[in-house]
Structures are given as C-alpha cells and as structure tokens.
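Atoms considered below: every heavy atom in the structure, side chains included; atoms not considered: hydrogens, waters and symmetry mates. Remember, it's a predicted structure, so these values are computed and weren't measured experimentally. Each residue takes its place number in the sequence, starting with 1.
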Amino acid sequence: MLANIYLNYFDILWERHGCGLGELTRYADDLVVVCKTKKDADRAYQLIQMIMERLELTLHPTKTRIVGLWTGEEGFDFLGLHHRKTKAETSQGKVYYTTQQWLTRKAERIREVVKERLAPPRMRHKSFREHVEWLNPKIQGWRNYYYTAYSQLKLAKLDWYILQRLTRWYAKKKQRSRWMSSLQEARFLTRQNGLKTLL
C-alpha cells in the first residue's frame, strides 16, 4: 500500500510524459512497459530512470532490463508468470505467433506451502477432511490467478505433487512404511472429501 501511495506520483508523471512510448502496467513496486519499438523502449527506460531519481529511488540492477519479444528468444517474469512470444498452430495447421504465459519458478512456491502443511509430524493428528478444507481455498486462489491456456502442464504437475504429499501424510498417519501403497486410497479420499484441483 505504501508503494502504491508513493508511486502514485510516478503514474502521474508517466501519463504526462511517457504514455506515448508504451503501455505501463504497475503493481505496487513492480512494473512493465510494453513498447512497439526498441527506440521507444530505450526512451521509456531513460524516462523511468529520471522519474525514479526525482523520487529518490533506484531501479533494481538485475531485474530492470529491456527485453526483445520479437524473436521469442527472450521473455520476462512479472507477478509470478513468465511472458514470452512463442509459435502456435491453429487446428487447420496455420502457424502464428502469440505471447504466452506460464508459471515462473518462484510461483511454484505452492509446493513449499503444501509441504509446510503436510510434512510436520504434528500434523498427523489432523483428519483428511481438515487438510482438504485448509488446502481448498488456497488451491482455488492459485487456480484463479495462475491458470492460463499455456500453464496446464505445470499445473498438472502441481496437482500430482499435492496428491503425492497427501498420500505421504496419510501413509505416515497409518504408520505404513511405503507411501505408494496408499496412493489409491488417498486418491479415493481426495474425491470423497472434495479436494479441488489446479487443472
């Protein structure tokens, strides 16, 4: 919230001097400007530097860069999604280029959240339903934010990870040495208790 209040002045100056250079998208202290030409991108970069200096702020030295999306060789991460121009094909076999989005590695912190919930021994006294009720709002939120036509493979892998973690937890609760032997039972319990999925 503080970033939005402070950078409101940045938005005003950008609208006044930079809106003709490119389309600005800003969320708190993260921003992207999409420009049509390299010349516009260079000018936008210089303008952003000038505004930041006036605000007595500095741009992040490694995150701040100009990325050429024209060839598809480069992409950029923004708000948990990687954006890149890639080749696609219609059902009739016609090739075209489009900007696609999929989860960044940082966004896959979902795994850590699930592990932190299910791995500790103190969580073994919980019921299957309690874990599902805790996981479902998070899974729904992640799906609402990260689901795109191009993120389905990664989301499917995360669904498998969640099922695997639940199975490991269930096997330990039942004091079974091999978690894979509990997979079908855990899969049945996820359906019975209404576990949501990312895909």
Side-chain angles (χ1 to χ4, degrees), residues 1-5 25-32 60-65 67 72 74-89 91 98-199:
M1 190 170 72
L2 287 172
N4 278 330
I5 293 169
T25 302
R26 184 178 69 78
Y27 183 84
D29 61 346
D30 285 338
L31 64 92
V32 168
H60 194 288
T62 56
K63 285 185 178 180
T64 309
R65 59 197 179 100
V67 177
E74 293 182 282
F76 65 93
D77 294 347
F78 185 57
L79 302 181
L81 291 171
H82 183 75
H83 304 258
R84 186 180 291 258
K85 187 176 180 181
T86 56
K87 188 185 292 185
E89 193 173 312
S91 56
T98 183
T99 303
Q100 299 183 1
Q101 298 85 25
W102 55 84
L103 277 76
T104 62
R105 286 187 179 181
K106 188 177 179 181
E108 293 190 37
R109 187 184 173 276
I110 293 167
R111 294 173 182 264
E112 294 173 30
V113 173
V114 174
K115 185 178 179 180
E116 285 168 8
R117 169 71 182 189
L118 298 172
R122 69 178 184 278
M123 287 297 176
R124 288 176 201 164
H125 75 280
K126 299 276 188 184
S127 67
F128 208 102
R129 179 172 291 279
E130 284 177 302
H131 284 310
V132 168
E133 287 175 353
W134 187 88
L135 285 167
N136 272 349
K138 291 174 173 51
I139 292 170
Q140 186 63 55
W142 292 329
R143 189 183 195 283
N144 290 347
Y145 186 84
Y146 290 113
Y147 183 90
T148 72
Y150 311 105
S151 64
Q152 294 180 18
L153 181 60
K154 286 198 172 187
L155 292 180
K157 288 180 179 178
L158 289 169
D159 276 335
W160 163 244
Y161 179 80
I162 293 169
L163 175 61
Q164 178 186 322
R165 272 286 155 198
L166 275 167
T167 305
R168 288 177 182 272
W169 165 84
Y170 186 71
K172 287 176 180 176
K173 184 179 178 71
K174 296 294 182 179
Q175 298 182 338
R176 297 169 184 169
S177 57
R178 299 182 64 187
W179 68 270
M180 280 296 288
S181 62
S182 300
L183 181 60
Q184 290 307 316
E185 195 175 347
R187 199 187 297 271
F188 170 77
L189 287 168
T190 61
R191 290 195 295 267
Q192 187 181 57
N193 288 282
L195 179 72
K196 293 181 182 290
T197 59
L198 290 160
L199 191 58

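Expressed to the nearest 0.5 Å, how far CE of M180 lies from CD of Q164 amounts to 8.5 Å. The structure places CG of L198 at 10.0 Å from CG of N144, a figure rounded to the nearest 0.5 Å. Atom OG1 of T167 and atom CG of L183 lie 5.0 Å apart (nearest 0.5 Å).
Minimum interatomic distance between A88 and Q100 (heavy atoms only, all atoms of both residues): CB-NE2, 4.2 Å. When all heavy atoms are compared, the tightest approach of H60 to T62 is CE1-OG1, 2.9 Å. Contact record, A156 with L199: CB-CD2, 3.7 Å, taken as the closest heavy-atom pair. Contact record, R165 with A119: NH1-CB, 4.0 Å, taken as the closest heavy-atom pair.
Identified under the salt bridge (Lys or Arg N to Asp or Glu O under 4.0 Å) test for residues 118-127, with sequence neighbours left out: none. Within the structure, salt bridge (Lys or Arg N to Asp or Glu O under 4.0 Å) contacts touching residues 76-85 (residues at least two apart or in different chains) do not occur. Listed by first and then second residue, the ring pair (Phe, Tyr, Trp, His ring centres under 6.0 Å) pairs involving residues 129-148 are H131-W169 (not counting sequence neighbours). Each salt bridge (Lys or Arg N to Asp or Glu O under 4.0 Å) pair with one or both residues in residues 171-195, not counting sequence neighbours, appears once here: R176-E185. Here salt bridge (Lys or Arg N to Asp or Glu O under 4.0 Å) pairs that include residues 132-148, with residues two or more places apart or in two chains, number zero.
Taking Q101 as the reference, nothing meets the side-chain hydrogen bond (donor to acceptor under 3.5 Å, both in side chains) condition, with sequence neighbours excluded. Taking F76 as the reference, H83 meet the ring pair (Phe, Tyr, Trp, His ring centres under 6.0 Å) condition, with sequence neighbours excluded. For S151, the side-chain hydrogen bond (donor to acceptor under 3.5 Å, both in side chains) criterion is met by T148, not counting sequence neighbours. By the side-chain hydrogen bond (donor to acceptor under 3.5 Å, both in side chains) test, S127 is found to be paired with E130, residues two or more places apart in sequence or in another chain being considered. In this view, Q192 satisfies the side-chain hydrogen bond (donor to acceptor under 3.5 Å, both in side chains) rule with no residue, not counting sequence neighbours. Qualifying side-chain contact (heavy atoms from CB on, under 4.5 Å) partners for N193, counting only residues two or more places apart in sequence or in other chains: F128, R129, V132, L189.
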### Message
Apply side chain to side chain contact (heavy atoms under 4.5 Å, CB included) to residues I162 and T190 and explain how you reach the verdict.
### Response
CA-CA 10 Å; I162 293 169; T190 61; over 6 Å; no
### Message
Does I110 form a side chain to side chain contact (heavy atoms under 4.5 Å, CB included) with Y161? I'd like the steps, not just the answer.
### Response
CA-CA 10 Å; I110 293 167; Y161 179 80; over 6 Å; no
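Remark: I5 CD1 is packed, more than 12 non-hydrogen atoms of other residues, nucleotides or ligands lying under 6.0 Å away. Within 6.0 Å of the CD atom in E89, the count of heavy atoms belonging to other residues, nucleotides or ligands exceeds 12.
Looking only at side-chain heavy atoms (C-beta outward), V32 and L79 stay at 4.5 Å or farther from each other.
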For residues 102-109, please give each side-chain donor-acceptor pair under 3.5 Å, one per line with the distance, not counting sequence neighbours.
residue : atom : partner : partner atom : Å
T104    : OG1  : G80     : O            : 3.3
T104    : OG1  : A107    : N            : 3.1
E108    : OE2  : K154    : NZ           : 3.4

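Side-chain atoms of Q140 and N136 form no donor-acceptor pair, as typed in the model, at a separation below 3.5 Å.
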